[in-house]
Protein chains: 2
Amino acid sequence: MAPPERRRRSTQRDIAQRAGVSQATVSLVISGGAASAQIAEPTRRAVLAAAEELGYAANVAARSLKGGRNRLLGLYTFESVFPTDQRDFYYPFLLGVEEETARQGYDLLLFCSDGSASGTARAERSIYAGGTNRLKIADGCVLLGRNVRREELSALVREDFPFVFVGRREVDDGELSYVAADYVSATAGLVAELARLGHRRILYLRAPEDSEPTRDREEGYRRGLAEAGLGADEALIRSLADPADLTVERLKGWIDGLGITALLVEPTEDDRLTGALATMTGTERVRFPEDCSLALLGDPPSWTPESRNWTRFSLPRAQMAGEAVRVLIELLDEEAPAPRHLTVPCVFVPGDSVGPVPAGGGRPGA
Amino acid sequence: MAPPERRRRSTQRDIAQRAGVSQATVSLVISGGAASAQIAEPTRRAVLAAAEELGYAANVAARSLKGGRNRLLGLYTFESVFPTDQRDFYYPFLLGVEEETARQGYDLLLFCSDGSASGTARAERSIYAGGTNRLKIADGCVLLGRNVRREELSALVREDFPFVFVGRREVDDGELSYVAADYVSATAGLVAELARLGHRRILYLRAPEDSEPTRDREEGYRRGLAEAGLGADEALIRSLADPADLTVERLKGWIDGLGITALLVEPTEDDRLTGALATMTGTERVRFPEDCSLALLGDPPSWTPESRNWTRFSLPRAQMAGEAVRVLIELLDEEAPAPRHLTVPCVFVPGDSVGPVPAGGGRPGA
DNA sequence: ACTCCCAGTTAATACGTATTAGCAAGTGCC
DNA sequence: GGCACTTGCTAATACGTATTAACTGGGAGT
């Protein structure tokens with residue numbers, strides 16, 4: 001009945017002492033499990049009573065130490081999370097990861113420190129800051145980010161550290177596990193939709209960098225055209241160095257010069273592209289979809305209620321994140337796991353920026 | 001150059017072996033600290049090199065078991081985070097905690113596992129669920145939540161575990177550290193504002209439970225009245241068992257029967273109260289502020305663009321969270337820390353539901 | 001030459017738990 | 001009564017780290 005001693009939590013040894021048994025017995029009773037069957041009923045009850053009286057709570061650290069696992073999953077983001085436009089991007093992933101992590105009975109470790117000793121703001125984050133792989137304090141890790149450090153991914157693969165990337169990524173040194181959105185099908189689907197509406201000349205405005213998502217979108221674009229019985233015109237694949245270059249003049253040039261009636265745009269990670277689009281909409285000199293249909297190949301980075309409801313497809317971010325956790329746990333449970341690749345479908349958002357071909361639109365031939 | 005053995009994390013012993021020193025030396029070098037000064041430079045470099053080659057990362061469990069630090073801060077929420085209306089409440093806190101944690105060079109551990117073995121959804125979360133206290137794995141912890149388990153807080157205090165509560169909380173067994181919003185001043189400020197507009201009879205609709213925030217608001221209400229030279233009429237302090245009971249009829253009864261011209265409402269944690277208010281607004285049978293002024297004593301739990309812009313005060317949640325982290329780190333850095341209590345001011349949101357006293361309003365005498 | 005000290009290193013130990021091998025007492029069998 | 005076998009428990013050990021006391025060789029002091 002004595003209250004638990006202050007300043008020190010009770011241990012199995014305390015219980016053992018009080019119940020007049022050994023620490024091992026206490027462990028057997030507390031942990032329950034199979035081996036506990038061989039404990040006599042009176043003993044078990046005595047132990048449980050003592051534990052109750054002392055307010056016993058097992059020490060997780062000790063337990064994990066013994067088991068080699070910490071029941072911790074990590075979440076690492078290559079970009080810093082704090083710029084406001086990044087938060088909206090990041091949050092659904094975080095929610096998905098957190099929910100599934102919780103469901104699996106793990107806790108979630110957010111690697112938010114810069115790695116750099118203190119204070120100094122850094123744009124580039126690093127896993128291996130300080131010479132060691134910080135991720136290792138978790139049992140495994142979910143990785144996220146658009147600007148990935150390839151060499152760090154390679155190192156992780158070489159180290160055989162269990163991790164899953166959210167998004168398709170590939171490295172030279174071997175295969176890594178990822179959960180990716182199906183950009184190919186989603187893009188092909190948009191092309192099909194446009195073709196159904198009568199569009200024949202569809203410009204694909206791609207990102208200048210050659211990352212996996214961009215490659216997938218381009219593949220989807222070509223596949224969509226092929227499936228619609230349209231030939232691919234290389235002149236209709238464009239990229240802009242600066243999203244601000246997407247001006248009304250340029251667009252009119254494409255419409256008149258190339259005869260396009262629709263535009264597929266790959267959104268940038270920042271607000272600049274959608275900003276440029278908003279500017280164009282504001283000028284009234286070009287209207288979507290009256291003058292030209294437009295669809296986004298993904299989510300605009302931040303979404304405010306007053307922003308326009310572009311036709312697009314949307315990544316099921318929370319779902320992807322959840323799948324990533326599930327895959328990661330599979331990896332952890334296996335002896336010698338093979339890399340896993342999972343693809344989840346995107347969601348089509350009808351929006352209001354796609355319509356039929358404008359009356360005079362479309363160049364006859366070509 | 002040999003790669004680390006598959007699926008087994010390298011330990012200090014591995015490093016020791018490779019560098020030809022003892023495990024103790026490795027620990028001294030790795031932990032850095034004061035005692036590491038006495039290690040000869042060549043030795044230190046050999047150890048660090050070996051650690052690098054083996055991809056060493058300290059084992060969190062072992063370190064916390066030993067009582068060491070992991071540069072990990074925990075974040076624990078008493079309510080589950082996933083119901084959508086909870087997310088909006090939770091997210092600003094999370095952001096604040098994460099940002100400040102990062103700035104301090106710590107990583108953030110989200111205690112999201114239910115504690116219950118798996119899968120089963122539970123409304124009540126518990127720190128000690130499953131007979132363990134998971135928090136210990138972090139160096140210290142920020143706690144959050146409206147439905148607090150007092151006995152668990154007490155246990156934490158007794159255990160002398162470093163933690164900071166976001167929100168004013170008190171327990172019998174001793175003092176705990178918290179960072180709280182200044183409900184007293186904020187409520188008094190609203191009363192002052194109403195008094196300035198000529199309101200003399202202001203009803204305070206409080207939550208039925210007697211939690212700290214409610215007590216503080218009531219104190220602020222009384223103080224505000226006193227400072228405005230108004231006496232407190234106990235009949236003007238009401239509570240409703242069910243928020244849905246806040247009907248037009250009841251409100252009209254208060255206006256006509258009690259002669260009130262303004263209403264201070266303590267929002268509930270769920271959407272029911274603001275739902276009731278929205279319903280009232282919709283009926284057109286009572287208009288705010290034409291028939292009666294209304295202000296919320298805090299943020300409505302979820303905020304959608306179409307919801308009304310109630311006059312209210314708002315908690316600086318991210319800031320509170322950041323302060324909590326800062327306080328926690330202070331606690332960690334001290335030898336025998338005294339509990340700290342920090343109060344941050346709320347933000348007045350003018351809104352559109354407060355106005356001057358209606359023409360015929362206000363009972364003359366009373 | 002003796003002690004004394006000091007820098008540099010290590011052996012030993014503790015943290016709290018899970019697990020395995022093994023011990024003691026009891027039961028049934030021949 | 002000796003043997004095998006079961007039941008119920010304990011002793012011992014390992015997990016990986018931090019810390020402290022103890023040890024070593026060598027240089028300085030007397």
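All figures in this text were calculated on a predicted structure; none of them were measured in a lab. Order of the sequence lines fixes the chain letters, A, B, ..., with proteins taken first and strands second; residue numbering starts at 1 for each chain.
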Can B:Glu330 and B:Arg326 be counted as an ion pair, charged N to O under 4.0 angstrom?
-> no
May I ask you to verify if any side-chain N or O of A:Gln12 is less than 4.0 angstrom from the OP1 or OP2 atom of C:dA18?
-> yes
Is the distance from OP1 or OP2 of C:dA18 to the nearest side-chain N or O of A:Ser27 less than 4.0 Å?
-> yes
Touch class at under 4.0 angstrom, heavy-atom based, for B:Ala24 against every strand present = base
Indicate yes or no: does B:Arg168 engage B:Glu170 in a salt bridge with an N to O separation below 4.0 Å.
-> yes
So, is B:Ser31 close to the D:dA18 phosphate, meaning a side-chain N or O under 4.0 Å from OP1 or OP2?
-> yes
Please report how far the helix from C:dA1-D:dT30 to C:dC30-D:dG1 bends, comparing the axis fitted to its first five pairs with the axis fitted to its last five, to the nearest 10 degrees.
-> 70°
Would you indicate, yes or no, if D:dA18 has its OP1 or OP2 atom less than 4.0 angstrom from a side-chain nitrogen or oxygen of B:Arg63?
-> yes
Atom-to-atom span, CG of A:Leu28 to C1' of D:dA11 - whole angstrom | 13 Å
C:dA18 base to A:Gln23 side chain: any donor-acceptor pair below 3.5 Å?
-> yes
For C:dT9, does OP1 or OP2 lie under 4.0 Å from any side-chain N or O of B:Thr43?
-> yes
Do the side-chain N or O atoms of A:Ser22 get closer than 4.0 angstrom to the phosphate oxygens (OP1, OP2) of D:dT10?
-> yes
